[in-house]
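Below is one structure, written out as structure tokens, with a few remarks after it.
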Amino acid sequence: MPKLESLAFDNSFARLPEAYYSRVCPTPVPDPYLVCHSPEALALLDLDASEMMRPELIEALAGNQLLPGMDAVAALYAGHQFGHFVPQLGDGRAILLGEVKNAAGEGWEVQLKGAGRTPYSRGGDGRAVLRSSIREFLCSEAMHALGIPTTRALAIVGSDRPVYREDEETAALVTRLAPSFVRFGSFEVFYYRNQIEPIKQLADYVIARHYPELSALADPYPEFLRRVAHATAELMAQWQAVGFSHGVMNTDNMSILGLTLDYGPFGFLDAFDPGYVCNHSDTSGRYAFDQQPDVAAWNLTKLAQTLVPLMSVEAASQAISEYPQVFGRAYLERMAAKFGLPSGSEAASLVMDALTLLAQNHVDYTIFLRRLCDFDSGENAANTLRDLFLDRAAFDAWAARYATALRQQGSRDTERAAAMRRVNPKYILRNHLAEIAIRRAADDRDYSEVNRLHALLARPFDEQPEFESYAAEPPDWARKIEVSCSS
Ligand code: AMP
Ligand code: MG
């Protein structure tokens with residue numbers, strides 16, 4: 001395994017013309033220390049595990065020193081925020097250090113979030129606090145373990161440098177990894193400046209690197225947009241199926257690769273509540289859980305509009321027209337698998353009716369699905385699952401239909417249970433679990449809970465009996481947790 005000194009940087013984004021970014025160095029922080037790291041993410045860079053203990057790496061991940069080959073830039077973008085166009089945003093506190101080519105031939109961009117002010121910081125301080133960094137680190141790696149496309153997190157480095165939010169907190173930096181951090185907003189910024197050439201050049205760049213098979217097409221742009229729409233639809237299906245709410249689905253937080261990007265006030269559903277709004281600041285509920293697929297569709301129309309200079313209006317609208325079907329099919333397939341049913345109209349009605357019951361009875365989404373894995377489909381079988389419901393008669397009626405469907409399909413309980421456990425996680429990053437880890441870290445400098453959660457959530461589908469309590473419903477105090485954009 002290579003050492004730090006032999007990291008092979010190939011900074012393709014920084015080789016683009018300067019229209020796309022500003023060269024800017026991270027601002028150092030005093031006395032950085034490692035809070036936690038992801039050995040799996042480290043391996044993406046082909047780095048030996050022991051490299052994480054080297055002060056040189058901690059200094060680099062604190063933004064205190066650039067490693068040879070790094071070429072630091074902050075990217076320019078724009079975006080529709082809560083429906084309103086903001087003509088200039090950009091990495092206000094994230095700095096791209098470079099792109100590492102690993103032995104498998106993958107390119108991983110290495111970015112520090114919280115690395116200090118950039119030309120796009122506007123009024124912000126360019127920093128991130130430990131609290132939000134822990135949430136982003138844990139959730140990125142947990143999403144990956146759930147099989148959901150996401151940017152990755154390599155490490156959190158902390159510093160006692162004060163950062164002022166509602167209260168005084170301390171600074172931290174998350175090292176994020178992704179094949180690309182290009183967003184819908186990276187295109188939008190040029191459209192609204194009436195600059196066509198940079199849109200084309202950025203599209204060519206993304207196509208060449210991430211959709212290389214399209215390069216050969218005489219007119220690759222409609223197909224490119226179609227692929228983005230498909231990737232976005234697949235991502236939305238995954239979010240809805242696992243019960244993930246992003247919280248700030250502005251177009252500047254929409255990845256061109258269909259990755260989950262920019263973890264802020266996100267939340268996983270506890271009790272199933274379609275109208276769940278995880279962002280305390282989202283008073284209108286624009287980004288409520290059940291709005292996400294439609295918001296993504298709206299965001300795609302903004303991207304399509306931006307790409308219209310490269311194609312006809314008809315081609316652009318055609319390219320995103322399949323989104324509803326792709327989303328619908330992908331969502332139903334995932335939900336049917338979670339219920340152990342073949343995808344089809346019967347699965348659709350059983351799933352939708354179950355979701356209605358869950359919402360009416362305030363049943364925990366993840367716990368219900370995990371316990372459904374052990375459903376006994378025998379005639380007149382008593383299922384303890386009914387204890388989760390206030391309206392037991394309604395559940396019994398649903399369970400009878402479900403059991404009949406399973407028996408008709410010749411579904412065998414033990415086989416179905418094993419398959420369902422592979423798609424219904426036992427452990428998710430519930431807000432209260434993150435909160436406990438954050439309090440220990442921020443109050444006591446005790447990072448053991450962050451590390452424990454990270455390890456637990458790396459295997460979300462496995463039974464981990466010593467951590468049974470981590471799979472439970474949130475305690476009463478957790479109702480008071482509020483998360484917002486101020487991180
Ligand atoms: P978000 O919606 O959290 O992804 O952020 C929206 C925009 O605000 C992005 O352009 C960020 O870079 C910027 N931003 C957020 N927090 C800060 C901060 N503390 N300092 C500078 N820019 C920030
Ligand atoms: Mg953002």
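First listed ligand is number 1; within each ligand, the first listed atom is number 1.
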Counting the benzene-type ring for Trp, do H80 and F85 have ring centres under 6.0 Å apart? yes

Would one find an N or O of G90, backbone or side chain, under 3.5 Å from an N or O of ligand 1? yes

Enumerate the atoms of ligand 1 whose separation from the nearest heavy atom of S121 is less than 4.0 angstrom. 21 (C), 22 (N)

Can you count the protein N, O or S atoms that lie less than 2.8 Å from the Mg ion (ligand 2)? 2

Within reach of ligand 1, part of Y120 (heavy-atom separation under 4.0 Å): neither

So is R334 actually on top of W239's ring, under 6.0 Å and inside 45° of the axis? no

Can you name the atoms of ligand 1, numbered from 1 with element, that are less than 4.0 Å from a heavy atom of R165? 19 (N)

Would F266 and Y263 count as a close aromatic pair, with their ring centres under 6.0 Å? yes

Do D160 and Y33 get their side chains close enough for a donor-acceptor pair, meaning under 3.5 Å? yes

Should D262 be counted as touching ligand 1, given the test is an N or O pair under 3.5 Å? yes

Between Y365 and F272, is the ring centroid distance below 6.0 Å? yes

Looking at the rings of Y427 and Y470, which for Trp means the six-membered one, are their centres under 6.0 Å apart? no

Any N/O pair R93/ligand 1 closer than 3.5 Å: yes

Give the atom numbers and elements of ligand 1 that come within less than 4.0 Å of a heavy atom of G126. 18 (C), 19 (N), 20 (N), 21 (C)

Close side-chain approach of F181 and E109, heavy atoms under 4.5 Å: yes

Based purely on interatomic distance, does D125 place a nitrogen or oxygen under 3.5 Å from a nitrogen or oxygen of ligand 1? yes

Flag the pair E106 / P179 as yes when at least one side-chain heavy-atom distance between them is below 4.5 Å, and no otherwise. no

Scan side-chain atoms only and decide if H454 and E141 contain a donor-acceptor pair under the 3.5 Å cut-off. no

Assess R430 against F268: is NZ or CZ under 6.0 Å from the centre of the six-membered ring, and within 45 degrees of the ring's axis? no

Under 4.0 Å from one or more heavy atoms of R127, ligand 1 contributes atoms 19 (N)

Decide whether an N or O pair under 3.5 Å exists between R122 and ligand 1. yes

Report yes if the distance between the aromatic ring centroids of Y77 and F184 is under 6.0 Å, otherwise no. no

Which is it for K338 and E333 under the salt bridge (charged side-chain N to carboxylate O under 4.0 Å, His left out) test, yes or no, and what are the steps along the way? CA-CA 9 Å; K338 286 167 88 70; E333 264 169 26; over 6 Å; no

So between V86, N279, N253, whose heavy atom ends up nearest atom 4 (O) of ligand 1? N253

Enumerate the atoms of ligand 1 whose separation from the nearest heavy atom of Q81 is less than 4.0 angstrom. 6 (C)

